[in-house]
Each structure stands twice: as structure tokens, then as C-alpha cells.
Number of protein chains: 2
Amino acid sequence: MSPKITTELLKQLRQVMKSPKYVQEPVQAYIVPSGDAHQSEYIAPCDCRRAFISGFDGSAGTAIVTEQHAAMWTDGRYFLQAAHQMDNNWTLMKMGLKDTPTQEDWLVSVLPEGSKVGVDPFIIPADQWKRMSKALRSAGHDLVPVKENLIDAIWADCPQRPCKPLITLNLSYSGVSWRDKIVALRSKMAERKVVWFVVTALDEVAWLFNLRGSDVEYNPVFFAYAVIGMNTIRLFIDGDRMMDPAVREHLQLDSTLEPEFKIQVMPYGSILSELQAVCSGLSSKEKVWLSDKASYALTEAIPKAYRYLTPYTPICIAKAVKNTSETEGMRRAHIKDAVALCELFNWLEKEVPKGTVTEIIAADKAEEFRSQQKDFVELSFATISSTGPNGAIIHYKPVPETNRTLSVNEIYLLDSGAQYKDGTTDVTRTMHFGTPSAYEKECFTYVLKGHIAVSAAIFPNGTKGHLLDSFARSALWDCGLDYLHGTGHGVGSFLNVHEGPCGISYKTFADEPLEAGMIVSDEPGYYEDGSFGIRIENVVLVIPAETKYNFKNRGSLTFEPLTLVPIQTKMIDVNLLTQKECDWVNGYHQKCREVIGAELERQGRHEALRWLIQETEPLIRVQ
Amino acid sequence: MSPKITTELLKQLRQVMKSPKYVQEPVQAYIVPSGDAHQSEYIAPCDCRRAFISGFDGSAGTAIVTEQHAAMWTDGRYFLQAAHQMDNNWTLMKMGLKDTPTQEDWLVSVLPEGSKVGVDPFIIPADQWKRMSKALRSAGHDLVPVKENLIDAIWADCPQRPCKPLITLNLSYSGVSWRDKIVALRSKMAERKVVWFVVTALDEVAWLFNLRGSDVEYNPVFFAYAVIGMNTIRLFIDGDRMMDPAVREHLQLDSTLEPEFKIQVMPYGSILSELQAVCSGLSSKEKVWLSDKASYALTEAIPKAYRYLTPYTPICIAKAVKNTSETEGMRRAHIKDAVALCELFNWLEKEVPKGTVTEIIAADKAEEFRSQQKDFVELSFATISSTGPNGAIIHYKPVPETNRTLSVNEIYLLDSGAQYKDGTTDVTRTMHFGTPSAYEKECFTYVLKGHIAVSAAIFPNGTKGHLLDSFARSALWDCGLDYLHGTGHGVGSFLNVHEGPCGISYKTFADEPLEAGMIVSDEPGYYEDGSFGIRIENVVLVIPAETKYNFKNRGSLTFEPLTLVPIQTKMIDVNLLTQKECDWVNGYHQKCREVIGAELERQGRHEALRWLIQETEPLIRVQ
């Protein structure tokens, strides 16, 4: 990996930072954040501006360029990668280390008095703007919005914003029509006394209209905004996608509709002016609802007195609670996904000993088996296919430079998933194709105990997911082991593989309580730097639990695994399990055998079926 | 309990709200919060202004009086009590219920346009002021500080602010001299680049100077502030307490000292003007450190640019980590406390069957036995002595109207503690003096399992206490039971029985990580409304743990119980315990027998010793 040479690019950027063609007044510094205008986790190539200007293409990082300096802030996952990808023009700012200045402090230390710091107001979230602006102002500088993106101004061969065809989801997939979703949203708006709601997150737009796209890799979303009033619906979207008869039919664009369900289609780029127009017509006490993570540009368009900001929008919360059609779809998707993985693991058991299977080959094979399944659309994230020491790199993705051959002497960790039209999957299994050491089995078993502790947990209605995080760690902690990531994240239904507002992590506190119908991952792990990584991940559905005393009718919840892929018993030290844990594993494997076995049979995949039956033999605990 | 008649008082208050003698401009509403000028949890009689004006004397509540209305906000613990204690002039605002307006919303709904809302700036914390002021301003009203407290103005027989003699703690108790504490504080100040530190919490002043007082019941503190500079020490304190030769000697007031350790004693009431004087002399970049919970009056005295606010002060954090002298003192205090409780429980076993022991008698007897112990000072909180249904009232305190007789048919819950010169105790035991039902034993055993799960937990260095809270609930949750309070709080060393910055609760997130030397309570419970309450509470010390893999040298922690009082085995359903839990109980009881047995022997308390030996017989688990 050789660094990107950025001398010329930085020169050009510094020129536009002073050019009246782009800025009203020269800016002495320009901030290039990671995100897009929708605060998406995964972004399209045209939004990879920070990677373009610096060469560093990790998922998290902020670049700041001044007349003299260029600096990049990123976290511990990316110190090495950023150092490799950036040339000497750049200073790496290692976030999380004690002596690393914050962006604000650094700016204050390098800027001449009374400087202007520019940023694209569509890319910076309002809360970040506020913090940064306050810090700069107190030091005598100014944060200013620069309307035209200055990276785009110098990015000669900038890719076009994607504008791919849309997929319409009928009721059998979505369970609720977009009309009914609008009705429910308006009733939430009425409850909070707001008259407009601005949809800014791409997955929220997709969910609301029962549409999917492919503008962003792995995430079936499309670039759009929506503004919902009590009697109007405005959808801001570009391209000829609205000419597709299926889409027109789905959105009833050509039907005679009650006016409150008539969708006005407008250009994507007109959102700001339309929102300003909406706000100019507001009378006092009329409020506009917006996520507090929305861009500064849209937030500022709403006069302060009219803003109603919440951390989670009503769409985010409604989307998280899956309806029956969605959970049934998720079940189907997970059955197909398990079939693909049984095929893969059966194939690996035969091929790995030959020494011909690399991490990349294994990842490709996983995709090949998945793509054979009905309604497969694409992967849901870049496959983490890692063997031996690579397994200890939590966000590893095999590339030719790091690609390692699987062997009978190393642990193999596969974290992968797919988008099917009926659901999204995300599963991690850790396998050994030879004979694991006692220490490897010991660690694996602690991770399994943590996985079971969460999966089998019973908790009262109203419990937030972060309160379950320590259950996943207790067995590891007892022996002085831990893992430095959260235990679970929300999972979309044929949508983003990471979604709010719930999760299981020691890091969050503002998560919404778990509710029946929510879907999260359960994925504790253990990582030994330089040797191996272990993670066991199922996607689980929150379901009502039966308890002896039922919390005085408050009711209780537990989890049902949707993922039904065998957990390698060869890796388990049975004597470290309690009888209850042993029963859990056997019950889980029994279900895998029944449900996935039947589907393998149906699909005529007899070899994989034999593998499944062998892998789901009951554990026997010696007392 | 008959309500307090407040018609005349409210009339007087409404007069002073308009009187130019007290207010620059008339105020249309006046807020009477619960607290004192130090944001203390327990307050002196002279600070019980809200109780004086309304009659409601619960620990939490805010009164607001307008020209037409008088309203009281309090939480679920106090709905009944407040309703009983207040007359018809008052409207009870039940916090936590959906339809209850916030104070701000209510004010906005009842006030005439452009109103002024007054509050004593010394009583309202700065963060509350900010929130309230913002809400009122956005509705066209103004929150204004009223210098003279308007309740004091009409409180004819207001008790004097207490000014009781001080106790000096020598090194054998405190472990660190006040000079060394000042040195450590100044080094923290230098680290953060602040030049002044304002000590506002009473327990922080007491800890810093190794002094104790008795101005507030149960809390060995005294009314004072301190302002520490890099070269100056100012102590704001009233009365002739500084004439006491022991205090003068302890503070070296008459010695020739390096100027930076010379304590300037100033009147308590001069804090505001002195702080203003300090701030007027500041040059740019010189900051003043203050708790973000300090009063609005003191916070406002520091110009915004000079303020350095943190949720926990360096004193709060240093105070929480007990040194060897303090932990040894806490051990001694807990041994003496256990002796007193062995005496009490032995006495109760004999007396309860006679039907002559009431909750109040039992509480008094507990105090009597404690007061026989060396260095006993006072109780550390009002004893919760509750039998049968009263046990389900979490913050119950027996009064003649509710006083119930202990019997062999009901569960008895005693939550009590004391201040000894060497330490503070807080212990809860739940006993049955007859034969408990299977259900009572079942519930008790789940609570015990939760208690053990926390007490025996092993966790990596840097873990925050709130991450352990669910361990205490897991066994209850499995059967559909729960309790609606946190699991533990920090405990002072001959100081407040509740102290920050650590604790074990699902409710907090901003707690500081647990560290070896911190002391917290471990007190899960279960409450069956109308029938019984169960709680098992030990005070535990955070200590380093030994683990197999030691978190890659990050190190790990666990707890050591300081409380050594038998847990009634009669209440335990042994078959619900795992072998590990059974071993924990037996190990704990073995230690009680050894340590407390030796002390009972030494004190010649043979009957109590026999009781202890009988109560600490090992449990045997039938497989």
C-alpha cells in the first residue's frame, strides 16, 4: 500500500479556500468530515471526500486543512491504515491518546487571530456544528457554512451521485402500506403537536415508502429526503426513477387520491429551499420535527422557535419494531442464509486441508452460496473472513496484501451477511478445521457462555439493551478476559444491518427500551492479538417471555435466535458449561437440524445436510 | 396526621412577593426547592423551608407559589404523605405520571404575560436554573434571583443555623493530613490549569480539613465553604468554633506556617463577596473550578469565561478512594456494628414472640446497642425498622401512627447504620422470627443470589458500577420479579452514608469507574406491596482480584464485604442456590463467626456469641 500523493490536491484546495468563486470571504481552515448529507454509516463513492483529499479510506476520520497544515483525526482501529495511506503532507491525530488535541483545540492553536473555519453545512451534523462553533467563537474565530463543497470543486473525476432503479416492496414483505405508515406518523406528530416532519435518514425514507434502492453498497437505500405535513407528502428524489411504472403504481402517483396522500415529487437538491418555504409559512406554536443528528443546513433552515428535535425519530422507533410480515420474512431470510453457510462450511471442511483456500476465496464462496438463494440481493456488509492473527483485527476485511490461507492449525472467523428481499442477515461463526488447543477451546467456551447468557436472558418490559451487556462478559471477566466492542446492534428488515434505536452495549445509555418485535445481534467475542479471534453472533428477535410471577403483569421479554447455524461443538469445552447452558446448545442445535435440515432436504443439498446432522449431535456433559 | 393549615402563611408569602422591602420588582411566582446552599441530601431544620410553607416534609419536593396557586411536585414515594400533610391550598403534582406538567410548563400555563418568577439563587443549583430560565424566557417570562429568602422573611420562629462544635480527626483516622490533601488538590488544579477551587459540598469541606461536625442530623458535617488558591486557603465558617484550642491546633492557626498553608478564616456569609473579589482579580486564562451542581449564586459569581465546571470535583473523587487508615477504620466500625446487631437480633429472637416489641422499640434498641460501642457518634440515617406490609415501603420510617408490632408471623426488615469516629455503617437484614412461607423463602433466596452475584463479581479495572446492576437482578428476573431501586451507593468514611461519584444503579451512567479502595453498598431487594419487604445489604470494599488471565495486565477488581452480620439461613431455600453460591454463604458466615465471634468474646457478650454461632452453621445443599 503506497500513500496517496496529495501535494497538488492540497494546493488546489487552498486556492479554492480563498477564491471568491467559492467562498464569500476566504476561510483559513476547511473541515472535511466522513459522512454524507444523511449521516449514513456507509457512504457512496461520490461522498468519499475525505478519502479523496487524504488517501485515507477507513470508515471513520475527519480531515482539517489550513493554509499551513493538513491533519487527520481517526481512532485506534485505523492508526496503522491511515499512516500507510497518507503522505507527508498529513499529520495523523490519534484519537483516544492522552496527548492528542481535539479538533477545536488544534484549530485554536494553529489559526491566526480572527480566522474563519469553513465546512459544508450539509455534511456536518447540527450537534457537532454547535460544539465546534462554540469552541471556536470563544477563541475569537468563526465557523462558517460554505455552500459549495470545496472538495467537489477540485475533484475533477468525482463519481456521479448514484441514481439506481428502485425496488417496490409489496404488503407481503412490508406488512404495512406506506399510506398506513403515513397515518401512524401523523398521529405521532399530532401527539407531539408538530405539523411537519422532515425525514433525513436514508433508511427512514426507504422504510416509510416501502421502497428500496442500491445507491449505497450493502445498504438497500436511495438518495432522498421527505417532508411530511398533516395534509401533504413531499418526496425529494432525483433521476428518472419516478418514471418506472412499478414505482408510479406503488406510490399511486397517477391515481386520484385524497389530497393528504398525494405524493409531490421534487428534485433532491430542492430540499433546503422547500424547507425554508415551509418554515416561512409557520404560525406560532407550529413545530417542525427533525432528528437531532440531522445536518446543520436543514436544522438551521428551521427557525429555533419552531424546531422540535429528538434523538430518535418516530420512524426510527416504528421501524425497529418488526411486524409479523417482517419477522416472517426475517425468518425465511435466515433459513436461506443458514443453508448457504452449511454448504460453505461443508465445503471448507473438505477444501481447507488441501491448503488452497484463502480468506478471499472463502469470502467469495460464501457469497456464491448465498447468491444461489431466492430473493438474494447483495451482501449486507463487507465479509470479515479472517484466519489466525487476522481474526484478532475486529474490523478486518481481507485484501490481497493481507490475504491468508486457511489451515488446519488456525482458528477461522467468518462474520458475514446478506440482503434478501425478505430480510437482512448477519452471522459470525468461529471454526477450527483441525484440532483446537485447550486454551482456544477455553476462550471459545467463555464467549459461548456469554452468548447464551444474553440469548437466554429474561428481563422485564421496559429494560434497555445496555443493561444486558455485562451478562455477555461475566464468564470472560471471571477469568480475566474481555472484549473491547459492544455486544449487539439493531438489525433492519431488508435495510441497514446496523440500525437504532436499540442495541446491547456498555457504551450507550440513550438507547430505547427493548420491545417485542425488535431485532438485535448477540455477538460477544474474544481476541488474542497476533494469534486468533473468536466471535459467536446470532441475530435474535425480542419476544415475550413466560415467567413464574410475570413482574406483576408488567410482562417480560427474552430472545429467540433467528440465526440457525450450528456452533462448532469441537470448539466447546463441555465441562465448562453448566447443565442449563449445555441444554441451551442442544436445544439450539435440535432446532437448526429440524428447520435448516428440512430446507436443505427440500433444496436437495444432501451433502450439506449430512454435515449439518453431524455438527448438531447433542453435547454430553460429564458430571 | 392532620394537614398543616397554610392559608395565613401563603397570604404572608404573597405579600412579601410584592414588597419592595424584599424584591426589587414584584414576583408573580416564587419557587421553594428542597435543598440547602450546599445541595445536601440531608438538611438542617433551618433549611426545611419547603416543609415550613407547605407542611409536606418528605425528602424530595419543590413548592411553587403564585398569586393564585400553590403547587407541590414530588415523586411516587411521597404521593400519599404529601396528600396527608398539605391542606386544600395546595395542588399535588405527581411527578412521573404522564399527565403531570413540568414546573416550567405549569408556570407558563398559569402566569400572566411577562411574569417574573423568583427563587433564592443560593438554593437552586446552576443547572436547574439554566433549564428553568430558558423555558421561562422562551415563553416571555423571567426567572429572577431574589437575594433575601422570602420564606425566611415570613418564618417568625425559624430555627437558628446550627453551629455545633467541631471534631478534629488525627492522622490515625484520616490517614492523610489536611496539608497533604491541599498539596494533592493543588496538583490536580495545576494539571487542569485552574488557579482557584471552590469547595461547596459540606462533606468535601469536612474531608479536606479532616474536621467533622454535627450541624446536620446523621451527617457529620458543618456549615462552611472553602476557596483554595495556589497560595491561599480561605475557610468560610461561623461561630466560635474556631476558638476551640483543639481546632486551632489542628488547623495550625497560631503557628508560623509557610504562607501557602496559612488558613484565613472568614465569615460563612462572606463567600459570595469574597468569590466576586477573587474573580475580579483574574487575568485571562485563569480559571476557577467549581462543581456543576453548585448553586446559581456562586456559579454566577464567576464570569463565564473563567468557569471550569465538572460533574465530580477532584475532592469528591479523592474522598471516594479510601486510604489504608480509612479502610482499617471502616473495618473496625463494621465489627462494632456487627456486635451491636448480634446483640439486637439475639434480643429480638427472645422478645418478639412475647408480642411486646414494636418497630420503634426495635429501632431504639438497635441504637442503644450501637451506642455502647467505642467511638459511636450517632446514627448514619433514620432507622428503617419495618415489619410485614411496612417492609414494602422502601423509605419507611416508623412513626407512632404506623408503628407495628413485630411477630412470629411476619418478615422483619431492618435497614440501619451508624457514624463511628472510625467509620460509617449501613446494613440491612431481613429476618423471620417464626416460620417463613415457601414463597417468602423463594423471594429471599433470589435476592440473596443477586446480592452474591454482585459481591462475588470480578470485573476489569475501569468498569463503572452501573454495569454491575443487572447481576443483582438476574435471578429475580428469571422468575418475573424485580425491585425499583438501584443496587448500591458510595459510602463515606465517618461522613455521609450516601456519597458520589460511584454506585451500582441502572439509573446512572455518569458514575466514575470503580477503583480499589472505593466503598459501596450491595443491596438488592424484593417488595410485595401490602405483605412484606426483603433487602440484603452489605457495605463492600473494592479490592484487586486474582484472575487466571488478568485482563492482559489491565488488572481486575472484586468486592470484600465489610459488613459481617449473619444472613438468616432460615430464610434461604438452599436448593435454589448453586454450589458456588452455597460456598459463598458458608465462607461469609465462617468469617462472621471468626471476626465478630472474637470481638463478642472480647466484649464478654456470651449470649450474643451463642446466637452468632448458631446463625452461622454451614448450609448443606442436597444434590
Side-chain angles (χ1 to χ4, degrees), chain A residues 138-139 285 304-305 439 442-443 446 453-454 456-484 504-511 526-529 545-558 578-580 623, chain B residues 138-139 285 304-305 439 442-443 446 453-454 456-484 504-511 526-529 545-558 578-580 623:
Chain A
S138 84
K285 297 212 172 172
K304 220 169 170 179
Y439 178 60
E442 184 186 0
C443 295
Y446 297 145
V454 169
I458 291 174
F459 47 92
N461 261 330
T463 301
K464 293 179 167 196
H466 74 264
L467 292 170
L468 309 179
D469 184 77
S470 296
F471 289 156
R473 298 175 199 275
S474 182
L476 286 161
W477 282 358
D478 279 346
C479 287
L481 303 176
D482 195 15
Y483 56 94
L484 298 179
I504 302 174
S505 173
Y506 62 95
K507 283 180 280 189
T508 45
F509 195 61
D511 50 335
Y526 176 69
Y527 309 91
E528 186 103 351
D529 279 350
E546 302 272 320
T547 59
K548 200 167 170 187
Y549 301 116
N550 201 30
F551 296 95
K552 294 170 185 159
N553 299 322
R554 186 175 158 203
S556 58
L557 299 170
T558 187
T578 64
Q579 189 56 51
K580 225 172 133 185
Q623 286 285 347
Chain B
S138 84
K285 298 214 170 171
K304 220 168 172 180
Y439 178 60
E442 185 186 359
C443 295
Y446 297 145
V454 169
I458 291 174
F459 47 93
N461 262 329
T463 301
K464 292 179 167 194
H466 74 265
L467 292 171
L468 308 179
D469 184 76
S470 296
F471 290 155
R473 299 177 198 273
S474 182
L476 285 161
W477 281 359
D478 279 345
C479 287
L481 304 175
D482 195 14
Y483 55 95
L484 298 178
I504 302 174
S505 173
Y506 63 96
K507 283 180 281 188
T508 45
F509 195 61
D511 50 335
Y526 175 69
Y527 309 91
E528 186 104 352
D529 278 351
E546 302 271 321
T547 59
K548 200 167 170 188
Y549 301 115
N550 200 31
F551 298 94
K552 295 170 183 158
N553 299 320
R554 187 174 157 204
S556 57
L557 300 170
T558 187
T578 64
Q579 189 57 50
K580 224 172 134 186
Q623 285 285 347

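Proteins get letters first, then strands, A, B, ... in listed order; numbering begins at 1 in each. In what follows, every heavy atom counts, from backbone to side chain, and hydrogens, waters and symmetry copies are set aside.
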TODO: Heavy-atom pairs under 4.5 Å with chain B are the metric here; pick the option from Ala456(A), Cys479(A), Ser474(A) that has the most.
DONE: Cys479(A)
Task: Part of Lys507(A) within contact of chain B (heavy atom distance under 4.5 Å) - done: backbone
TODO: Can you label the angle between the Phe471(A) ring and the Trp477(B) ring as parallel, tilted or perpendicular, going by 30° and 60°?
DONE: perpendicular
Open item on the list: Among residues at least two apart in sequence or on other chains, which ones pass side chain to side chain contact (heavy atoms under 4.5 Å, CB included) with Tyr483(B)?
Closed with: Ala472(B), Arg473(B), Leu476(B), His485(B), Thr487(B), Pro524(B), Tyr527(B)
Task: Which of Leu468(B), Ile458(B), Thr578(B) touches chain A most, by non-hydrogen pairs under 4.5 Å - done: Ile458(B)
TODO: For chain B, find which of Ser556(A), Ser470(A), Ala545(A) contributes the most heavy-atom pairs closer than 4.5 angstrom.
DONE: Ser470(A)
Task: Pair Lys552(A) + Asp529(B): basic N to acidic O under 4.0 Å - done: no
TODO: Can you sort out the partners of Tyr526(A) under side-chain hydrogen bond (donor to acceptor under 3.5 Å, both in side chains), two or more places apart, ordered by chain and number?
DONE: Glu528(A)
Open item on the list: Counting only non-hydrogen atoms closer than 4.5 Å, does Asn550(B) touch chain A with its backbone (N, CA, C, O), its side chain (CB onward), both, or neither?
Closed with: backbone
Task: Under 4.5 Å from a heavy atom of chain A, the part of Thr463(B) involved - done: side chain
Task: Over all atoms of both residues, closest heavy-atom pair of Asp478(A) and Thr547(B) - done: O-CG2, 3.9 Å
Task: Proximal component of Thr558(A), with respect to chain B [non-hydrogen, under 4.5 Å] - done: neither
